[in-house]
Each structure stands twice: as C-alpha cells, then as structure tokens.
Amino acid sequence: MPPQIPRNLLRAARARAVFQSTRPSHRPASVRFQHSEAVQQTPTQGQPFYYAPPQGVSRRTDEKLVPRPAPITPTRPQPKTLKLNSQNLSQYKNVTVPTYQRHGVKQGIVHIGVGGFHRAHLAAYVDTLLEQFNVQNWSICGVDLQPFAAPMRDALSSQDNLYTIIERAAEGTSARVCGSITDYLFAPDSSEAVIAKMAHPDTHIVSMTVTESGYYINENTHELQTDHPDIAADLAGQQPPRTAFGYLYAALARRHAAGLRPFTVMSCDNMQKNGDISRNMLLAFARHQNPEIATWISENGAFPNSMVDRITPRTSDEDKVNLAKNFGVEDSWPVVTEPFHQWVLEDKFVDGRPPFEKAGVQVVPDVHKVEEYELIKLRLLNASHSAMGYAGYLAGFTYIHEVINNPIFRKYIFNMMQQEVKPLLPHIPGVSVDDYCNTLLGRFSNPTLKDELPRICLGGSGKIPQFIMPSIAEQIQAGGPLTRLTLCAAAWFRYLSGVDEQGRAFQVDDPMLGQLQPKAREGGFEVLSVESLFGDDLRGDARFVAELKKALESLEKEGAMATVAKYA
C-alpha cells in the first residue's frame with residue numbers, strides 16, 4: 001500500500017497544482033488601479049488584484065466628501081441633526097441618500113447575518129445597482145438568526161431599515177445612506193417567517209455572512225460536525241432551527257415540495273472555496289434528513305465561490321457621535337469602512353442574479369479564477385491581520401494602525417509576507433504581489449479606521465486553520481521558512497489563555513473557547529492536539545513542533561514585543 005499523504009499537505013499540494021497550471025511563462029506586469037468603468041467593460045479579463053476607485057467603493061456619482069483634518073469649530077455652522085428615517089432623507093446635507101423607490105421593490109436576495117461587513121459590502125453593491133442602474137427585484141431582506149442580534153433588529157426597525165456607511169480615508173470622510181435592505185426578519189421572533197421568506201418564489205439568492213465557525217466544518221476531516229450541539233439539535237428536528245443549514249434545508253425542502261427551483265446559496269464569508277464548503281456542508285446536512293432532497297439540491301442547486309475584501313471595524317459610540325456632529329445624521333448603528341473594496345464572484349447561479357458587474361464586481365467564469373485571487377488575499381491580508389492581532393494585543397496595542405506603524409511589528413509582518421507567504425502564491429497575469437503587499441501596509445496604516453484588535457482576534461478557531469496553517473503545511477512540504485507564521489499560531493495559543501502579560505484577565509471570544517482555553521492554560525502547546533483544527537501532518541512534523549514550542553516559551557518568558565523583535 002502506498003504511504004498515506006497527510007490531509008493538510010494533500011490539500012496544499014492540490015492547491016499548488018491548480019495554481020501552477022495557470023502560471024504564465026512571463027513575469028506579471030505591475031498591477032494598477034482601475035475605475036469602475038474599466039471593470040464593467042471586461043469583467044472577467046485583465047482585472048487587477050485589488051480594485052479601489054479614487055472616490056471610494058461603489059460610490060454614486062453625487063457622493064460628497066468632507067475633507068480632513070479641518071475641524072468643526074464653534075464659529076462654523078453645525079449641520080442640523082435629524083433621526084435617520086425615510087421621511088428625513090431629503091433634509092440631509094453633505095450626505096448621499098437613496099433616490100430610488102424602496103417600496104414595492106422585490107427582495108430577490110435574502111441575506112443571513114446582517115453585520116458590519118455585509119452592510120459595507122454586498123448591501124453597498126446592491127445599493128449602487130438600485131440607484132444607478134434602476135435594477136428591480138433585487139433588494140435585500142436581511143435576516144439574523146441569533147438572539148444576540150436583537151440590537152440590530154431594533155436599530156434597523158426604528159430607521160426604516162436604513163443605515164449610514166461612513167467611509168474614512170486620509171483625504172477625508174464621506175457618509176452615504178444605504179437603502180438596499182428593504183425588509184428585515186429576526187428569527188427568534190419568528191422562525192416560520194424566515195423559512196417562508198426563503199421558500200418564497202421571489203427569493204432567488206440566499207447569501208450569508210455567518211463567520212467561519214457558522215459552517216460547522218471539521219478542519220481535519222473537512223466533514224460536517226454532526227456532533228456539534230447546534231447541528232445535532234437541527235438534525236434531530238428541534239424547533240426553531242439553530243443554524244443557517246437548518247434554515248436553508250427547511251426552506252429548500254418547501255421549494256422542492258412546491259415544484260420550485262432551489263435558490264442560489266451565496267457565501268460572502270472569508271473562506272477559501274466558500275461556495276464549495278457551503279455546498280458540501282448543506283448536502284451532508286440534507287442527506288441526514290432526506291436523501292431525495294439532497295440529490296435534488298446537488299443536481300439543481302448553485303453555490304458560487306467568491307473572494308470578498310473590505311476592512312470593516314466595529315462601530316463605536318464615538319462613530320455615532322461624530323456622524324451626528326459632522327453630517328447631521330442620528331443613526332443607531334452606522335457602519336465604518338475604508339475606501340478599498342473587492343469582490344471576485346464565480347458566475348454560477350441557478351435562478352438569475354443581479355448585474356453585479358455594473359457595480360464593479362469582478363465576475364469570473366469558474367472557481368479556479370476565484371481561487372487565484374482569494375489565496376493571495378487570505379494568505380496575505382487575513383494572515384497578517386491575525387499575526388498583528390494576537391501578538392499585538394499581548395504587546396499592549398489597541399488598534400491595527402498602531403501595530404503596523406511600530407517598526408518592529410512592521411518588519412515582522414513585511415518579512416512574513418515576503419519570505420514565508422509570497423513564495424507559495426500563484427502568479428496571476430497583471431497582478432503584482434509586491435504591489436499588493438505595499439497596498440496592504442497602507443490599508444493597515446489608516447488611522448481613521450481605528451480598527452480594534454479585539455475585533456481582529458474574534459473567532460481564532462475559524463481563522464488560524466484557514467489563514468495561517470495552510471501556509472505552514474506547504475512550507476513543511478517544501479522545507480521552506482515558517483518561523484514567523486509559527487509565531488502567529490503560538491501567539492494565538494497564548495492569547496487563548498485569557499490572561500495578559502501583566503496577569504490581568506481579558507475576555508476571549510471564540511466558539512470553541514470551552515475546549516481550547518483549558519489547553520492554553522496548561523502551557524499552550526496542547527491546543528495543537530485538537531484534531532478538528534489541526535491535522536497529523538502538523539503534529540507529526542518535528543521542525544514545526546520544535547518551532548512552536550520555542551515560540552511559546554519565548555512569549556511566556558520574554559513577552560510578545562521582545563519575541564516579535566527576535567522573529568522580525
């Protein structure tokens with residue numbers, strides 16, 4: 001019998017093979033910025049890796065910019081503050097507002113997970129389509145499944161489902177009222193209303209931002225975690241459903257019984273092959289319930305893969321105060337974001353879709369094109385975020401821009417990207433990885449975003465196996481450098497203890513905290529034993545194990561700043 005290849009290494013080898021097959025014989029040209037008009041002309045060819053129109057993301061032509069740093073002084077007229085709602089839209093100054101008809105537009109998209117990223121990304125694209133291109137039948141019905149989302153329900157319901165996108169750059173700040181969410185349902189209030197909405201013939205797409213942990217995938221076996229209490233409860237038929245898959249299956253079963261097509265399931269989460277993962281997990285769930293419906297979904301459904309990118313910090317009370325002070329908008333829950341955005345989307349839909357290209361989406365023909373872009377993004381942007389987040393928090397920083405502007409951390413992140421990640425990445429014609437790295441350093445340095453490290457550190461059990469460990473696995477296979485990547489993993493293990501370097505306790509937000517924190521408090525190394533997160537290829541590699549123990553020991557004895565300085 002031939003020797004068994006470890007699962008993580010096999011996945012890495014497959015990824016390398018896919019990307020090597022697309023590699024050109026010449027060096028790629030430097031990437032350049034493009035305006036949205038260029039993107040619309042050739043949506044599947046000649047795309048830059050990153051897309052950032054000088055005026056910002058999906059901006060409408062009348063969008064206004066308030067420059068900085070000109071302060072608001074007592075002698076300068078203050079804008080009149082008005083509560084955000086449909087009635088007051090015409091009275092706002094220096095704020096872009098929707099002028100399209102929001103009533104009577106069909107909600108062709110139902111979106112699960114109405115957090116900051118969705119409202120700064122997909123909802124912003126749809127808002128542009130509704131405003132600039134008179135797209136009908138494609139507004140959004142937002143859905144939240146968990147009780148903790150009740151404040152979002154209350155905020156949107158009091159504002160006619162309107163909210164403000166605050167876009168911050170060094171040049172200034174703009175405010176844009178987004179109207180693409182025309183209905184909202186809160187599952188704890190009525191799970192039946194949510195299922196009925198998804199099953200309705202007018203619903204053509206159900207999109208999701210439920211975070212990595214919301215897919216219940218075992219990172220070692222790549223199978224559905226049927227033993228997870230939430231999945232187990234849904235499979236047992238307990239009501240109401242607890243997971244997105246419980247709702248998706250219930251709605252699709254109704255459509256099957258009614259003789260309708262399935263809706264397209266469109267993941268907008270930061271995961272490699274997010275569409276394939278959605279498909280595999282939903283089919284596994286459906287097979288436990290009804291093999292006939294599972295076959296129907298498999299043969300008739302669609303699960304486009306996508307790569308999404310826009311930094312969206314957590315909204316603070318200060319953001320709300322400044323919005324009212326500078327723009328006159330009283331918004332219970334605005335969203336703060338950066339000018340940059342990107343969305344690469346596989347053109348794989350079963351029941352129609354909006355003309356996303358017109359809003360600047362890079363629509364590509366197959367999953368391989370998406371993979372090329374998303375591998376670079378996940379391994380560079382998301383991995384760097386994690387490397388800054390855990391070590392930066394332990395070192396006493398508060399914001400991402402503080403971490404990257406520290407010379408020691410900047411050197412560490414730059415060298416990790418260049419020496420340990422870049423050699424593993426595919427070559428895409430027209431894309432310069434060096435330029436993209438420099439763009440990331442600029443984005444991370446944006447002080448106006450105030451991107452807090454606790455947000456970056458959320459849910460590490462869903463991030464580290466996605467963003468850091470695949471690069472480590474490939475470097476194990478190649479015999480290449482992995483010390484800085486390993487330090488990131490070690491910093492997460494240390495962070496999971498929930499005790500900082502001064503001995504003060506802090507809150508760790510992770511769905512697997514109950515399982516991980518006891519192991520982290522035993523010294524950290526035992527976290528590697530969690531088979532649902534890490535494969536035998538990692539535990540069995542002597543070089544990686546030695547590097548991990550060395551990094552953990554240094555973090556414990558010397559602290560994060562001194563350790564990062566050694567590894568930079």
Item checked: Aromatic ring pairing Phe444/His385, orientation class (parallel under 30°, perpendicular over 60°, tilted between) -> tilted
Check: Taking the inter-plane angle between the rings of Trp138 and His204 on a 0 to 90° scale, is it parallel (under 30°), tilted (30 to 60°) or perpendicular (over 60°)?
Finding: tilted
Check: Quick one: does Ile109's side chain get under 4.5 Å of Thr203's, heavy atoms only?
Finding: no
Next item on the list: Check whether any side-chain N or O of Lys93 sits under 3.5 Å from a backbone N or O of Lys80 as a donor-acceptor pair, and report yes or no.
Entry: no
Margin query: Rounded to the nearest 0.5 Å, what separates atom CG in Leu185 from atom CG in Leu145?
Written below: 10.5 Å
Check: If you take all heavy atoms of Ser90 and Gln87, which pair is closest and at what distance?
Finding: OG-O, 4.5 Å
Notebook entry, point to check: Can you name the closest pair of heavy atoms from Ala383 and Phe467 and give their distance?
Noted result: CB-O, 3.5 Å
Next item on the list: Please confirm whether the backbone N or O of Arg261 pairs with a side-chain atom of Arg255, one donor and one acceptor, at under 3.5 Å?
Entry: yes
Notebook entry, point to check: In terms of side-chain geometry, is the basic nitrogen of Asp319 or Lys450 positioned less than 4.0 Å from the acidic oxygen of its partner?
Noted result: no
Next item on the list: Establish, from distance only, whether the side-chain atoms of Arg119 and Thr209 form a donor-acceptor pair under 3.5 Å.
Entry: no
Notebook entry, point to check: Within the side chain of Arg176, is there an N or O that forms a donor-acceptor pair under 3.5 Å with the backbone of Ala124?
Noted result: yes
Check: NZ of Lys106: more than 12 outside heavy atoms within 6.0 angstrom?
Finding: no
Checklist line | Heavy-atom side-chain proximity of Lys377 to Val344 below 4.5 angstrom | finding: no
Next item on the list: Say whether, by atom type as modelled, one donor and one acceptor occur between the side chain of Arg168 and the main chain of Val336 under 3.5 angstrom.
Entry: no
Next item on the list: Decide side-chain contact (heavy atoms from CB on, under 4.5 Å) for Lys197 and Val143; before the verdict, give the C-alpha distance in whole Å, the side-chain angles of both, and the deciding distance to 0.1 Å.
Entry: CA-CA 10 Å; Lys197 184 66 178 180; Val143 169; 5.8 Å; no
Check: Is any NZ, NE, NH1 or NH2 atom of the basic residue among Lys369 and Glu346 found under 4.0 Å from an Asp or Glu carboxylate oxygen of the other?
Finding: no
Notebook entry, point to check: Hey, mind stepping through Arg279 and Val265 against side-chain contact (heavy atoms from CB on, under 4.5 Å) and telling me if it holds?
Noted result: CA-CA 8 Å; Arg279 182 181 191 275; Val265 177; over 6 Å; no
Check: Got a donor-acceptor contact below 3.5 angstrom from the Tyr163 side chain to the Leu84 backbone?
Finding: no
Check: Does a donor on one side chain sit under 3.5 Å from an acceptor on the other, for Asn274 and Ser306?
Finding: yes
Check: Would His341 and Tyr125 count as a close aromatic pair, with their ring centres under 6.0 Å?
Finding: yes
Notebook entry, point to check: Does any non-hydrogen side-chain atom of His121 lie less than 4.5 Å from one of Thr312?
Noted result: no
Notebook entry, point to check: Nearest 0.5 Å, what's the CG-CG distance between Leu378 and Leu375?
Noted result: 7.0 Å
Notebook entry, point to check: Taking all atoms of both residues into account, what is the closest heavy-atom pair of Gly462 and Pro465, and its distance?
Noted result: C-CD, 4.1 Å
Next item on the list: Go through the structure and list residues passing salt bridge (Lys or Arg N to Asp or Glu O under 4.0 Å) with Arg443, not counting sequence neighbours.
Entry: Asp309, Glu338
Check: Quick one: does Arg102's side chain get under 4.5 Å of Ser139's, heavy atoms only?
Finding: no
Notebook entry, point to check: Distance only, no hydrogens: is a donor on one side chain within 3.5 Å (strictly under) of an acceptor on the other, for Asn305 and Asp276?
Noted result: yes
Check: CG of Leu252 to CD1 of Ile297: how many Å apart, nearest 0.5 Å?
Finding: 4.5 Å
Next item on the list: Identify the heavy atoms of Ala250 and Ile195 that sit nearest to each other, and give their distance.
Entry: CB-CD1, 3.8 Å
Margin query: Just by distance, no angles: are the side chains of Ser332 and Lys83 close enough, under 3.5 Å, to form a donor-acceptor pair?
Written below: yes
Checklist line | Criterion side-chain contact (heavy atoms from CB on, under 4.5 Å) on Gln107 and Thr182, from CA distance to verdict | finding: CA-CA 7 Å; Gln107 291 118 22; Thr182 57; 3.0 Å; yes
Margin query: What I'd like to find out is whether the side chain of Ile311 reaches to under 4.5 Å of the side chain of Phe340, using heavy atoms alone.
Written below: no
Next item on the list: Applying side chain to side chain donor-acceptor pair (under 3.5 Å), run through Thr99 and Glu131 and close with a yes or a no.
Entry: CA-CA 7 Å; Thr99 62; Glu131 179 68 35; 2.4 Å; yes
Notebook entry, point to check: Between Ser384 and Leu380, is there a donor-acceptor pair closer than 3.5 Å when you use the side chain of the first and the backbone of the second?
Noted result: yes
Check: Do the side chain of Gln146 and the main chain of Arg242 share a donor and acceptor less than 3.5 angstrom apart?
Finding: yes
Notebook entry, point to check: Which pair of heavy atoms, one from Trp343 and one from Cys268, lies closest together, and at what distance?
Noted result: CZ2-SG, 4.3 Å
Next item on the list: Could you walk me through whether Leu381 and Asn270 pass the side-chain contact (heavy atoms from CB on, under 4.5 Å) test, one step at a time?
Entry: CA-CA 11 Å; Leu381 185 151; Asn270 270 316; over 6 Å; no
Margin query: Could you check whether any side-chain N or O of Asp144 sits under 3.5 Å from a backbone N or O of Val114, counting only pairs where one atom can act as donor and the other as acceptor?
Written below: yes
Next item on the list: Working to the nearest 0.5 Å, report the span between CE of Met388 and OH of Tyr399.
Entry: 15.5 Å
Note to self: With a 4.5 Å cut-off on side-chain heavy atoms, are His401 and Asn446 touching?
What the structure shows: no
Item checked: Test item: Pro470 and Leu424 side chains (from C-beta on) under 4.5 Å apart, heavy atoms -> no
Item checked: Pro354 and Val126, any side-chain heavy atoms less than 4.5 Å apart -> no
Checklist line | N/O donor-acceptor pair under 3.5 Å between Asp347 side chain and Val363 backbone | finding: no
Checklist line | Leu282 CG to Leu248 CG distance, which is reported to the nearest 0.5 Å | finding: 5.5 Å
Notebook entry, point to check: What pair of heavy atoms forms the shortest contact from Pro334 to Thr315, and how long is it?
Noted result: O-OG1, 2.7 Å
Check: Donor-acceptor pair, Thr264 side chain versus Ala302 backbone, under 3.5 Å?
Finding: no
Next item on the list: Quick one: list whatever passes side-chain hydrogen bond (donor to acceptor under 3.5 Å, both in side chains) with Thr164, sequence neighbours left out.
Entry: Asp331
Next item on the list: Give, for atom CD1 of Ile400 and atom CZ of Arg455, the distance between the pair rounded to the nearest 0.5 Å.
Entry: 8.0 Å
Checklist line | side-chain contact (heavy atoms from CB on, under 4.5 Å) partner of Ser86, chosen from Val97, Leu162, Asn161 | finding: Leu162
